[in-house]
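For the numbers below, each heavy atom of this structure counts, side chains included, while hydrogens, waters and symmetry mates do not.
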Amino acid sequence: MSHPAAETSSFMTDFLRQSGGVAIIDGGLATELERHGADLNDPLWSAKCLLTSPHLVRAVHLDYLEAGADIIITASYQATIQGFEAKGFSREDSEALLRKSVEIACEARDIYYGRCREGSPDGSDDGRVLKHRPILVAASVGSYGAYLADGSEYSGNYGDAITLETLKDFHRRRVQILAESGADLIAFETVPNKVEAQAYAKLLEEEDIKIPAWFSFNSKDGINVVSGDSLLECASIAESCKNAVAVGINCTPPRFIHELILSIKKVTTKPILIYPNSGESYDGDRKEWVQNTGISDQDFVSYVNKWCEIGAALVGGCCRTTPHTIRAIYKTLPNRSAALSSH
């Protein structure tokens, strides 16, 4: 499905209107895959699941749709051709795995629509949201730092050797493949610095990518992106990119989000998207989450209402958020709960 420029500009506004003003993005993938029994002890864990347990990835997508998500993000955040090739995969197999991440999400959407049509025989839906609505599949593109898996996605410091051209070359083929895979849009996630945002914007233009994209940055101080680059400058890159249909923040503690939304609003007219992590801290040395450092779903939801009041139009969760978090967001958004009760 091609989106000429005029269509791209109305793509997200139309979708948001159909979603009742605010669209819900899904939540964390890794923790949920583990809960379903996947083994993630591998730098390429999400990719490993595409290979060995696509049914688990599909199950997690379905859990989020049944929790009320309007947008599901593919398991391709860490899936790079370079990473696969380093593991011994051929170029063809590497490209096929990228496409597979989108196919799995599209299958989950089809199965979900089937369940909506069937409904539940006794009219009860045991807390599941079975409501036919527009659902988007967003193809995830993680940063160069996510491929390095050395924590640089959280520092944004790639060193002087990594230039705009290096990053364009690194991402080019992957972006082309995901753009032609059947996904509705590309999600550039956890963008840690300005040069990578510039690389994405240039690639979309140079390669004449036909589908829309969103740009989502991460911050650890509530002011700048993690590299120390200005969030205003980063968001401005997305604002001037014609494929970009939304700009925002993910993978950031909830307490910083309010100020970040106000900053982004200064430079963009595009819808603002917000999907923070649970606020838990991650111990990079021990490679594990520190217990009891996050906030409860209730607290997360009370934040969501405030974020929507000041301008967020797409909301969801990132690391350590679950289908429970997403269902709580679904229930708290006034237009959603009204639609649910009439359902």
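- Side-chain contact, Glu153 with Tyr147: no donor N or O sits under 3.5 Å from an acceptor N or O.
- Not one N or O on the side chain of Thr325 forms a donor-acceptor pair closer than 3.5 Å with the backbone of Thr321.
- A single hydrophobic cluster is seen to contain both Ile272 and Ile186, as judged by linkage of ILVMFWY side chains at heavy-atom distances under 4.5 Å, directly or through other members.
- In this model, a donor atom of one side chain and an acceptor atom of the other lie less than 3.5 Å apart for Asn250 and Thr190.
- The shortest distance between side-chain heavy atoms of Glu107 and His61 does not fall below 4.5 Å.
- In this model, a donor atom of one side chain and an acceptor atom of the other lie less than 3.5 Å apart for Glu239 and Thr269.
- Between the CG atom in Leu29 and the SG atom in Cys49 there is a gap of 7.5 Å [rounded to 0.5 Å].
- Interatomic distance, CD of Glu259 versus CG of Asp221, reported as 11.5 Å (0.5 Å rounding).
- Of all non-hydrogen atoms in Leu204 and Cys241, the two that sit nearest each other are CD1-SG, 3.7 Å.
- Note: Lys131 NZ to Tyr112 OH = 8.0 Å, rounded to the nearest 0.5 Å.
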Is there a side-chain contact (heavy atoms from CB on, under 4.5 Å) between Val129 and Glu66? Walk through the geometry before answering.
CA-CA 5 Å; Val129 176; Glu66 292 187 343; 5.8 Å; no
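- A continuous path of Ile, Leu, Val, Met, Phe, Trp and Tyr side chains, each step under 4.5 Å between heavy atoms, connects Leu148 with Val195, placing both in one hydrophobic cluster.
- For Glu165, the side-chain contact (heavy atoms from CB on, under 4.5 Å) partners are Thr163, Lys168, not counting sequence neighbours.
- In terms of heavy atoms, Asp169 sits closest to Arg172 at OD1-NH1, 2.8 Å.
- The aromatic rings of Phe188 and Tyr200 sit parallel to each other, their planes meeting at less than 30°, with 60° as the upper class boundary.
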With side-chain contact (heavy atoms from CB on, under 4.5 Å) as the test, would you mind laying out the steps for Phe217 and Leu260 before giving the verdict?
CA-CA 10 Å; Phe217 298 92; Leu260 294 167; over 6 Å; no
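- Looking only at atom types and distance, the side chain of Asn157 has no donor-acceptor partner in the side chain of Ser155 under 3.5 Å away.
- In terms of modelled atom types and a separation under 3.5 Å, the side chain of Arg327 and the main chain of Gly127 share a donor-acceptor contact.
- Side-chain contact between Ile249 and Ile257 is present, with at least one heavy-atom pair separated by less than 4.5 Å.
- Between Val245 and Pro212 the shortest heavy-atom distance is CG1-CB, 3.6 Å.
- Contact of the Ile177 side chain with the Ile81 side chain is registered, since non-hydrogen atoms from C-beta on lie closer than 4.5 Å.
- Of all non-hydrogen atoms in Leu98 and Ser76, the two that sit nearest each other are CD2-CB, 4.5 Å.
- At distances below 3.5 Å, at least one donor-acceptor pair connects side-chain atoms of Arg109 with backbone N or O atoms of Ile135.
- A distance-only check finds no donor-acceptor pair linking the side chain of Ser53 to the backbone of Leu56 [under 3.5 Å].
- At most 12 heavy atoms of other shown residues, nucleotides or ligands fall within 6.0 angstrom of atom NE2 in His324.
- Here the closest heavy-atom approach between residue Ala238 and residue Lys270 is recorded as O-NZ, 3.4 Å.
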Practice task
I would like to know whether Phe170 and Ile162 meet side-chain contact (heavy atoms from CB on, under 4.5 Å); could you show each step before the answer?
Solution key: CA-CA 10 Å; Phe170 177 79; Ile162 303 300; over 6 Å; no
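- The backbone N or O of Lys265 sits nowhere less than 3.5 Å from a side-chain atom of Thr268 that would complete a donor-acceptor pair.
- Here the closest non-hydrogen pair linking Pro271 and Leu314 is CB-CD1, 4.0 Å.
- In the displayed structure, Glu205 atom CD is contacted under 6.0 Å by at most 12 heavy atoms of other residues, nucleotides or ligands.
- No donor-acceptor pair under 3.5 Å is formed between the side chain of Arg35 and the backbone N or O of Thr322.
- Between Asn218 and Thr252, the side chains place no donor N or O within less than 3.5 Å of an acceptor N or O (distance only, hydrogens not considered).
- If you take NE2 on His171 and OH on Tyr144, they are separated by 9.5 Å, rounding to the nearest 0.5 Å.
- Transitive grouping of hydrophobic side chains (ILVMFWY, heavy atoms separated by less than 4.5 Å) brings Ile72 and Leu62 into a common cluster.
- A donor-acceptor pair under 3.5 Å is absent between the side-chain atoms of Tyr154 and the main chain of Gly145, judged by distance alone.
- How far OG1 of Thr332 is from CD of Gln298: 11.0 Å, rounded to the nearest 0.5 Å.
- Contact of the Trp307 side chain with the Pro276 side chain is registered, since non-hydrogen atoms from C-beta on lie closer than 4.5 Å.
- Here the SG-NZ distance, from Cys251 to Lys220, works out to 11.5 Å after rounding to the nearest 0.5 Å.
- In this structure, Pro254 and Asn277 have side chains that are in contact, with non-hydrogen atoms separated by less than 4.5 Å.
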Compile the donor-acceptor pairs under 3.5 Å between side chains in residues 222-234 and protein atoms, sequence neighbours left out, one pair per line.
residue, atom, partner, partner atom, Å
Ser227, OG, Pro192, O, 3.2
Ser227, OG, Asp229, N, 3.1
Ser227, OG, Asp229, OD2, 3.1
Asp229, OD2, Lys194, N, 2.7
Ser230, OG, Leu232, N, 3.1
Ser230, OG, Glu233, N, 3.0
Glu233, OE1, Lys194, NZ, 2.8

Margin query: Does Thr74 form a side-chain contact (heavy atoms from CB on, under 4.5 Å) with Val137? I'd like the steps, not just the answer.
Written below: CA-CA 7 Å; Thr74 62; Val137 168; 3.8 Å; yes
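- A heavy-atom distance below 4.5 Å is not found between the side chains of Lys87 and Asp93.
- Clustering ILVMFWY residues whenever any of their side-chain heavy atoms sit less than 4.5 angstrom apart, transitively, puts Val175 in a cluster other than the one holding Leu167.
- Trp214 places a side-chain heavy atom less than 4.5 Å from the side chain of Leu185.
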**OP:** Report the C-alpha separation of Lys210 and Glu180 in whole Å, then their side-chain angles, then the decisive distance to 0.1 Å, and conclude whether the salt bridge (charged side-chain N to carboxylate O under 4.0 Å, His left out) test is met.
**Re:** CA-CA 8 Å; Lys210 294 287 189 285; Glu180 291 164 8; over 6 Å; no
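- The closest donor-acceptor contact from the side chain of Ser19 to the backbone of Val22 lies at 3.5 Å or more, if one exists at all.
- Each of Ile310 and Val267 belongs to its own hydrophobic cluster when Ile, Leu, Val, Met, Phe, Trp and Tyr are linked at side-chain heavy-atom distances under 4.5 angstrom.
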Would you please test Glu189 and Ser216 for side-chain hydrogen bond (donor to acceptor under 3.5 Å, both in side chains) and show each step? CA-CA 5 Å; Glu189 304 191 274; Ser216 187; over 6 Å; no
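- Put simply, the side chain of Val141 reaches to within 4.5 Å of the side chain of Leu178, judged on heavy atoms.
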* CA sep, side-chain torsions, deciding dist, call: Glu95, Arg174, salt bridge (charged side-chain N to carboxylate O under 4.0 Å, His left out) -> CA-CA 8 Å; Glu95 294 183 355; Arg174 176 197 199 186; over 6 Å; no
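- Between the side chains of Tyr64 and Glu32, no donor N or O sits under 3.5 Å from an acceptor N or O.
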